[in-house]
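Naming convention: chains lettered A, B, ... in sequence-line order (proteins, then strands); numbering from 1 in each chain.
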Number of protein chains: 2
Amino acid sequence: MKHMKDVYGKETSATHGSYLTLRKMILSGELPPGQKLKIEQLRGLLNTGASPVREALSLLTSDMLVERIDQRGFRAAPVGKANFEEILLLRCSLEETALQASITNADALWEERIVLCHHHMKKAMKAGTANFEDTHKNFHMALLSNSKLPVLERYCSQLYDLNIRYRNLAADGPRYQERSIQTEHQNILDAALDRDAIRATVFLIDHYRKTGEYLGRQIKN
Amino acid sequence: MKHMKDVYGKETSATHGSYLTLRKMILSGELPPGQKLKIEQLRGLLNTGASPVREALSLLTSDMLVERIDQRGFRAAPVGKANFEEILLLRCSLEETALQASITNADALWEERIVLCHHHMKKAMKAGTANFEDTHKNFHMALLSNSKLPVLERYCSQLYDLNIRYRNLAADGPRYQERSIQTEHQNILDAALDRDAIRATVFLIDHYRKTGEYLGRQIKN
DNA sequence: TTGTCAACAAATATCGATTTTTTTGGAGGC
DNA sequence: GCCTCCAAAAAAATCGATATTTGTTGACAA
């Protein structure tokens with residue numbers, strides 16, 4: 001395979017394409033935690049050579065989605081309650097910092113951005129389309145996107161994905177959207193638009209804690 | 001080169017060896033910020049093939065020491081005042097969390113560990129040996145090593161390295177150790193041993209702020 | 001002079017094959 | 001029966017070569 005088209009039809013390198021595919025498979029649980037990731041096997045799955053696969057796995061290592069064992073290959077990162085709770089803790093702490101910085105730098109462009117992302121998310125939720133998860137992440141990242149702290153935003157994005165992975169792994173439990181997530185999102189958005197940093201972060205963190213409490217109960221380890 | 005020996009004489013893969021070498025070169029400033037990192041050129045420098053070099057560069061990407069430009073290769077990560085200040089801010093915030101957690105979990109083993117690391121650091125400083133930087137990092141990481149929050153510790157380690165890079169890049173300024181760093185370290189250690197989380201974090205953050213203030217003045221951008 | 005475009009040069013990305021290392025599965029000794 | 005050691009198989013790591021992309025130069029036309 002010389003070229004590859006990603007989900008949006010744009011051309012990407014074999015490495016980047018493999019990265020995106022594997023990432024999605026790990027986040028969705030299709031590649032379960034701890035699973036050995038053999039190059040040869042993935043090579044077949046992805047229709048590509050060993051080099052792009054190795055490089056994609058290397059990149060996933062930095063996202064903490066893949067573990068590399070020296071000279072012994074790669075495996076999907078293991079999961080556990082302690083890990084889940086650390087992620088929740090860090091998310092609350094880091095996103096609080098990021099959201100407050102974002103609000104401090106608030107401007108019209110950012111406001112429009114978060115309003116739009118919120119709209120797209122609501123629409124996707126109502127339609128029940130498959131890309132709801134993407135719009136949900138977009139909304140949350142948009143909230144932080146005005147912080148002018150790119151490293152922090154990167155960490156938040158990483159942790160968001162790790163959290164989503166746990167949600168997907170626990171997907172069989174009782175329906176999770178029973179809580180009125182829509183209201184919670186609306187509250188965060190309104191507080192952000194009011195430039196009320198305190199209220200916005202309280203809503204945001206509460207949003208995470210509630211989700212965390214729900215998911216935490218489902219994880220064995 | 002089939003085998004490679006790292007600094008401690010242990011056998012490592014070509015990839016890992018290349019990773020360590022390149023990392024050191026970027027942190028020390030030998031490979032200056034923004035510099036194009038051509039595979040062929042590094043291949044010669046490291047006496048190895050293209051694959052290990054590429055993989056090492058991929059790994060360095062996750063440490064934010066190397067930037068990858070799609071289809072256009074790699075370059076040493078650029079630097080700037082905004083980046084420096086973000087790193088300082090995040091370090092203060094994350095290390096505060098980590099140190100407090102470490103102290104909360106304090107036990108005899110941890111105490112021994114930090115006392116030992118501190119001793120090694122003092123010894124290396126007095127002797128003026130080249131490995132002072134390593135012992136310094138070891139001491140700071142040992143302080144956080146009892147947090148039971150591995151992801152947080154990983155972030156702290158990353159940010160520590162990024163900060164060291166700035167220190168090395170500004171190395172030509174007036175002697176930086178004029179401040180009594182020894183006292184500052186002693187204060188942090190003593191407070192940690194007293195299990196006084198508040199006092200320890202105040203000393204620690206003050207330590208970073210002072211260093212940051214000094215270094216910040218040296219960075220142009 | 002300036003802008004465009006083709007041919008060339010350089011560098012990246014990828015492939016297929018080879019070399020090393022780890023793992024597996026017994027055979028033989030205790 | 002259980003451990004140790006050795007060969008065979010599997011997998012990972014690495015290499016050398018090829019294909020693809022990007023960057024550059026200079027001729028030619030507007």
Side-chain angles (χ1 to χ4, degrees), chain A residues 1-6 8-23 25-26 31-62 65-78, chain B residues 1-6 8-23 25-26 31-62 65-78:
Chain A
M1 171 197 300
K2 303 307 149 53
H3 297 290
M4 176 154 187
K5 301 203 171 209
D6 69 14
Y8 308 104
K10 283 195 297 187
E11 303 247 335
T12 45
S13 61
T15 296
H16 193 235
S18 303
Y19 169 78
L20 291 176
T21 305
L22 290 174
R23 188 159 169 279
M25 289 177 77
I26 293 171
L31 288 173
Q35 171 144 130
K36 188 84 214 300
L37 302 173
K38 296 181 196 171
I39 307 288
E40 201 55 28
Q41 160 196 321
L42 298 177
R43 225 189 58 78
L45 181 71
L46 299 162
N47 284 312
T48 188
S51 316
V53 172
R54 284 186 68 77
E55 220 168 302
L57 289 170
S58 278
L59 292 171
L60 287 165
T61 294
S62 42
L65 290 172
V66 164
E67 268 190 2
R68 145 176 246 155
I69 315 130
D70 188 57
Q71 225 88 20
R72 221 162 302 174
F74 302 87
R75 69 181 55 210
Chain B
M1 172 197 300
K2 302 304 149 54
H3 296 290
M4 177 155 186
K5 303 204 168 205
D6 68 15
Y8 309 104
K10 283 195 299 187
E11 303 247 334
T12 45
S13 62
T15 296
H16 192 236
S18 302
Y19 170 76
L20 291 176
T21 305
L22 289 175
R23 188 159 168 280
M25 288 178 77
I26 293 172
L31 287 173
Q35 172 143 132
K36 188 86 213 300
L37 302 173
K38 296 182 195 169
I39 308 289
E40 202 55 28
Q41 160 196 322
L42 297 178
R43 225 188 59 77
L45 180 71
L46 299 162
N47 284 313
T48 188
S51 315
V53 172
R54 283 187 69 79
E55 220 167 302
L57 290 170
S58 278
L59 291 171
L60 287 165
T61 293
S62 41
L65 291 171
V66 163
E67 267 189 3
R68 143 176 250 156
I69 317 129
D70 188 57
Q71 225 90 22
R72 219 162 303 173
F74 301 86
R75 69 182 55 209

Next item on the list: Take atom CZ of Arg43(A) and atom C1' of dA11(D), then tell me their distance rounded to the nearest Å.
Entry: 13 Å

Checklist line | OP1 or OP2 of dC15(D) under 4.0 Å from side-chain N/O of Thr48(B) | finding: yes

Next item on the list: Starting from P on dG23(D), measure out to CD1 on Ile69(B) and report it in whole angstrom.
Entry: 10 Å

Checklist line | Atom-to-atom span, CG of Leu42(A) to C1' of dA12(D) - whole angstrom | finding: 13 Å

Margin query: Closest approach to the side chain of Arg54(A), judged atom by atom: which nucleotide of dG16(D), dT14(D), dC15(C) is it?
Written below: dT14(D)

Note to self: Just the rounded figure in Å: distance from C1' of dT18(D) to CD of Glu40(B).
What the structure shows: 14 Å

Notebook entry, point to check: Taking DNA chain C as the partner, which of residues 71-78 of chain A come within under 4.0 angstrom of it by heavy atom?
Noted result: Gln71(A), Arg72(A)

Check: Nearest of dA13(D), dC15(D), dG16(D) to any side-chain atom of Pro52(B)?
Finding: dC15(D)

Give me the distances for all protein-to-nucleotides 6-10 of chain C N/O pairs that come in under 3.5 Å?
none

Item checked: Thr15(B) side-chain N/O to dT14(D) phosphate OP1/OP2 under 4.0 Å -> yes

Notebook entry, point to check: Among the nucleotides dA11(D), dT12(C), dC15(D), which one has an atom lying closest to any side-chain atom of Lys36(A)?
Noted result: dA11(D)

Next item on the list: Could you tell me the separation between the CD1 atom of Ile39(A) and the C1' atom of dT20(C), rounded to a whole number of Å?
Entry: 15 Å

Item checked: Side-chain touch Leu22(A)/Leu46(A), heavy atoms, less than 4.5 angstrom -> yes

Notebook entry, point to check: dA12(D) P sits how many Å from Leu37(A) CG, rounded?
Noted result: 9 Å

Next item on the list: Apply side-chain contact (heavy atoms from CB on, under 4.5 Å) to Arg23(B) and Leu60(B), showing your working.
Entry: CA-CA 7 Å; Arg23(B) 188 159 168 280; Leu60(B) 287 165; 3.8 Å; yes

Next item on the list: Working to the nearest 0.5 Å, report the span between OG1 of Thr48(B) and CD of Glu55(B).
Entry: 10.5 Å

Note to self: Distance check needed: dT14(D) P versus Glu55(B) CD, whole Å only.
What the structure shows: 7 Å

Notebook entry, point to check: By side-chain contact (heavy atoms from CB on, under 4.5 Å), which residues pair with Gln71(B), not counting sequence neighbours?
Noted result: Ser13(A)

Notebook entry, point to check: Looking at CG of Leu42(A) and CG of Leu31(A), how far apart are the two atoms once the value is rounded to the nearest 0.5 Å?
Noted result: 7.0 Å

Checklist line | By side-chain contact (heavy atoms from CB on, under 4.5 Å) - contacts of Ser51(B) (at least two apart) | finding: none

Notebook entry, point to check: Under a 4.5 Å cut-off applied to non-hydrogen side-chain atoms, are Ile39(A) and Arg54(A) in contact?
Noted result: yes

Margin query: Holding to side-chain contact (heavy atoms from CB on, under 4.5 Å), I want the full list of residues that pass it with Glu67(A), two or more places apart in sequence or in another chain.
Written below: Arg75(A), Pro78(A)

Next item on the list: For Ala77(A), enumerate each residue passing the side-chain contact (heavy atoms from CB on, under 4.5 Å) test, keeping only those at least two apart in sequence or located in another chain.
Entry: Arg165(A)

Margin query: Output the rounded distance in Å from CZ (Arg68(B)) to P (dT22(D)).
Written below: 14 Å

